[in-house]
Each structure stands twice: as C-alpha cells, then as structure tokens.
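Step one of this worksheet: look at the structure below.
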2 protein chains.
Amino acid sequence: MADALDASDALNALILALQKLPGVGAKSASRMAYHLLQHDRAAARQLALALSQASERMHHCQWCHTFTEQGICSTCADPQRDRSLLCVVETPADQAAMERTGVYRGLYFVLLGKLSPLSGIGPSDIGIERLLQRLASEHGQAVQELVVATSFTAEGEATAHVIGQLLKGRGLRITRLSRGVPIGSELEFVDLGTIAHAFADRR
Amino acid sequence: MADALDASDALNALILALQKLPGVGAKSASRMAYHLLQHDRAAARQLALALSQASERMHHCQWCHTFTEQGICSTCADPQRDRSLLCVVETPADQAAMERTGVYRGLYFVLLGKLSPLSGIGPSDIGIERLLQRLASEHGQAVQELVVATSFTAEGEATAHVIGQLLKGRGLRITRLSRGVPIGSELEFVDLGTIAHAFADRR
C-alpha cells in the first residue's frame with residue numbers, strides 16, 4: 001500500500017513485520033503501524049524491547065515443556081505438587097485456566113499444539129514424543145494418572161485418542177475431563193452435541 | 001492470565017506490550033506471544049528491529065505532515081506535481097487510495113485524524129492548524145483548490161465543515177469528492193442514505 005506513497009523503508013518494514021503476527025493482515029498492520037508512530041512511540045519501543053527479551057530468554061521447561069526463563073518452571077519445581085497426577089494440556093493458556101480453578105494440584109505437560117491432519121500437523125509435530133520421554137524418565141516414574149485435558153474439538157479428541165493408544169497397557173490410569181452442560185447455561189442455548197453427551201454421561 | 005503459571009517476566013512483559021497495539025486484547029496478545037515464541041522467533045526479532053527503526057527514523061513531512069524519513073516527503077518534493085491543487089485526507093492510507101486511482105496529480109495534506117467530539121478530539125488535536133500554516137506559507141501560496149477528501153462519516157463531514165468554515169473568504173476553491181452509488185454495486189445492496197445523496201446529486 002504505502003509504496004504508492006513516500007515508500008519509506010522503515011515504515012514499510014514495520015507494516016510487513018506486523019503482518020507476521022497471527023490474525024494480522026495488511027490493513028490491521030498499517031493501522032497498528034500508524035497508531036504507534038502517531039500516538040504511542042513509547043509503546044513501540046517497549047514492544048521492541050519485550051520482543052527481544054522474550055525471544056532471547058524464554059525456553060521450554062525441561063519437564064513440562066511450557067515456556068519459562070528457568071530450566072525447570074516454577075510449577076514443576078514446586079515440592080507441594082502431587083507428582084502422581086499429570087495433566088496434559090494443549091497450550092499454556094489452557095494450563096492457566098486449569099490452574100485458576102484451584103482444584104488441581106498435580107503437575108502438567110504442555111503439548112504446545114494439537115493434531116491437525118488437515119494442516120499437516122502429526123504426532124511428531126506436537127509434544128507427544130516428549131510426553132512419552134517424560135513418563136519414561138525418573139521424574140515420570142511417580143505418575144499414576146494422566147488427565148488428558150485437550151479440547152473437546154475434533155483435533156483435541158484425536159490428540160487424546162492418540163495419547164491413549166500410545167500409553168495403553170502401561171498401568172497408567174488415563175482420564176479425560178467430563179463433558180457436559182456448562183454451569184450457568186440454559187439448556188435451550190446449549191449445542192445439541194453437548195446435551196447428547198451430557199445425557200449419555202448422566203449420573 | 002500467565003501469572004497463575006510460571007509468571008515469567010519476559011513473557012508477561014511481551015503479552016502486556018502487545019496489548020498496546022490497537023484492536024489487540026489480552027487473549028489475542030497471549031496468542032501472538034505464544035505463536036512467536038513457539039513458531040517464529042525470527043519474526044519476533046525482525047518485528048523488534050522494525051519497531052525500533054521506525055520509532056527512531058520516521059518523522060512528519062514538513063509540508064504535508066505524512067510520515068517520512070526525509071524532511072520533505074517524496075510526493076511533496078516531486079516537481080511534476082500540480083501545486084495549485086491540495087487534497088486534504090485523514091490518513092496516509094487514504095492518501096495511498098487516492099494515489100492508486102492515478103487521476104490526482106496535485107499535492108496532499110494529511111490530517112492524521114478526524115474530529116471526534118465524543119472521543120474528545122477537537123480541531124486542535126488534528127492537523128487543521130498546520131493546514132492553515134501550510135496555506136499561509138510560501139509553499140501554500142500556489143494553492144487554488146482544496147479538495148477535502150475526508151470520509152463521508154459524521155466525523156469526516158464535521159472535519160470537512162470546520163475546514164470549510166475556517167477557509168471561507170480566502171479566494172480558495174473548496175471542493176469535496178462526489179457522493180454516490182459505488183461503481184459495480186447493485187442498487188438493492190446500497191444503503192439508503194447513499195441512494196438519497198446520489199439522487200439529490202444526479203446529473
């Protein structure tokens with residue numbers, strides 16, 4: 001776009017770089033660039049610094065594979081955690097949601113992805129192999145139950161299925177979160193698949 | 001969110017910094033941060049560099065006020081341009097759209113904003129004063145027609161009205177782009193206000 005104008009390299013470079021962010025197209029990128037230059041150069045400089053520092057400092061936790069600045073993240077290093085429980089989640093955001101409930105005191109394993117055959121993402125592209133290594137390692141020996149908390153989407157279910165298949169016959173208890181009607185929702189507005197599952201799993 | 005987890009400072013700092021981008025909330029910011037760290041650290045470093053360089057190098061053109069790395073942007077400096085025509089636009093993106101038509105050979109003035117009383121943006125917050133200075137300067141003496149190409153929204157119309165009022169009686173021809181039915185559109189799908197204007201301005 002801006003090349004029709006005074007095609008300043010620094011501005012075009014910024015617009016192109018912003019388009020590498022997920023969900024940001026050419027129009028949003030222009031809007032962001034102009035906003036930062038016009039109204040908030042301090043934010044631009046702060047974002048530049050945050051990007052550099054995060055790229056440099058963030059590594060994967062050796063145990064659970066989430067992002068951390070340490071070798072082992074604070075959750076994995078916490079001696080109060082129940083080492084017999086391991087909850088498998090897709091993303092750090094899912095892990096955060098689980099943590100906020102306050103009911104789970106075990107450890108985590110973060111896949112950082114889910115199977116998606118349509119996008120060419122197979123078992124080797126996500127953390128399933130590292131999960132097997134974790135369970136085989138000395139830190140994994142204590143695990144008795146694996147709570148597979150991947151999403152209830154086709155991809156999340158496929159991921160859970162593959163994990164279940166790979167770990168069959170190892171004497172591990174493998175569970176899923178229960179499916180059902182969300183608390184606070186009226187049945188009328190709940191999708192039919194959920195109601196059918198809630199009926200089948202009634203108790 | 002991430003503070004329930006291994007609240008790594010570099011990751012949280014990045015998520016907070018991304019939220020300064022227009023249209024980016026907490027969820028999108030997390031998604032962007034995780035995406036960059038997981039899949040594209042090169043893009044993160046490139047964006048950091050682009051932000052630093054743009055913040056440092058981009059200034060306002062002394063004549064038209066758009067962003068440029070030079071003192072005077074290449075459009076204003078172009079001797080082929082018709083200096084009797086000055087087109088007033090809200091943003092560099094609007095300027096680019098006008099340029100792409102290929103029919104305009106005059107100069108521009110970029111307001112970098114529009115009046116928005118509801119958001120507390122008055123005439124002094126946008127470039128109207130600089131526009132008056134431009135017209136009063138030696139470079140502005142040649143201007144005979146001011147094409148006010150602000151948007152056909154309430155705010156763009158208000159901006160055009162204020163500019164018209166301020167420049168009344170100076171012997172300048174002040175015009176607006178014509179309003180009407182967009183080319184290629186079926187009348188059925190054009191909004192009624194546009195059809196009414198197109199009828200009133202029929203020729």
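All values below were derived from every heavy atom in this structure, side-chain atoms included, with hydrogens, water molecules and symmetry-related copies excluded. The sequence lines fix the lettering, A, B, ..., with proteins before strands; numbering per chain opens at 1. The structure presented is a predicted model; accordingly, all values stated were derived computationally and were not measured.
Taking both residues in full, the closest heavy atoms of A:Ala93 and B:Tyr34 are given as N-CE1, 4.3 Å, listed atom of the first, atom of the second, then distance. Nearest heavy-atom pair, B:Ala54 versus A:Ala10, reported as atom, atom and distance to 0.1 Å: CB-O, 3.8 Å. Across every non-hydrogen atom of B:Glu69 and A:Asp9, the tightest pair is OE2-N, 3.3 Å.
A:Leu36 touches chain B through its side chain: at least one heavy atom from C-beta onward sits under 4.5 Å away, while N, CA, C and O do not.
Residues B:Val24 and A:Leu21 are not in side-chain contact: their nearest non-hydrogen atoms beyond the backbone lie 4.5 Å or more apart.
Interface check for chain A: of the options B:Lys20, B:Gln53, B:Met32, the most heavy-atom pairs under 4.5 Å are formed by B:Met32. The greatest number of non-hydrogen atom pairs below 4.5 Å with chain B, out of A:Gln38, A:Arg45, A:His39, is found for A:Gln38. Of the residues considered (A:Ala42, A:Ala44, A:Ser28), A:Ala44 shows the highest number of contacts with chain B, using heavy-atom pairs under 4.5 Å.
The CZ atom of A:Phe67 sits 7.5 Å away from the CG atom of B:Leu11 when rounded to the nearest 0.5 Å. Expressed to the nearest 0.5 Å, how far CG of A:Leu37 lies from CG of B:Leu51 amounts to 9.0 Å. In this structure, the separation between CG on A:Leu14 and CG on B:Leu49 is 10.5 Å, given to the nearest 0.5 Å. B:Leu18 contributes atom CG, which lies 10.0 Å from atom CD of A:Gln46 (distance to the nearest 0.5 angstrom).
In this structure, B:Arg170 places its CZ atom where more than 12 heavy-atom neighbours from other residues, nucleotides or ligands lie under 6.0 Å away. The environment of B:Glu129 atom CD is sparse: at most 12 non-hydrogen atoms of other residues, nucleotides or ligands sit within 6.0 angstrom. A 6.0 Å sphere centred on CD of A:Gln141 holds more than 12 heavy atoms belonging to other residues, nucleotides or ligands.
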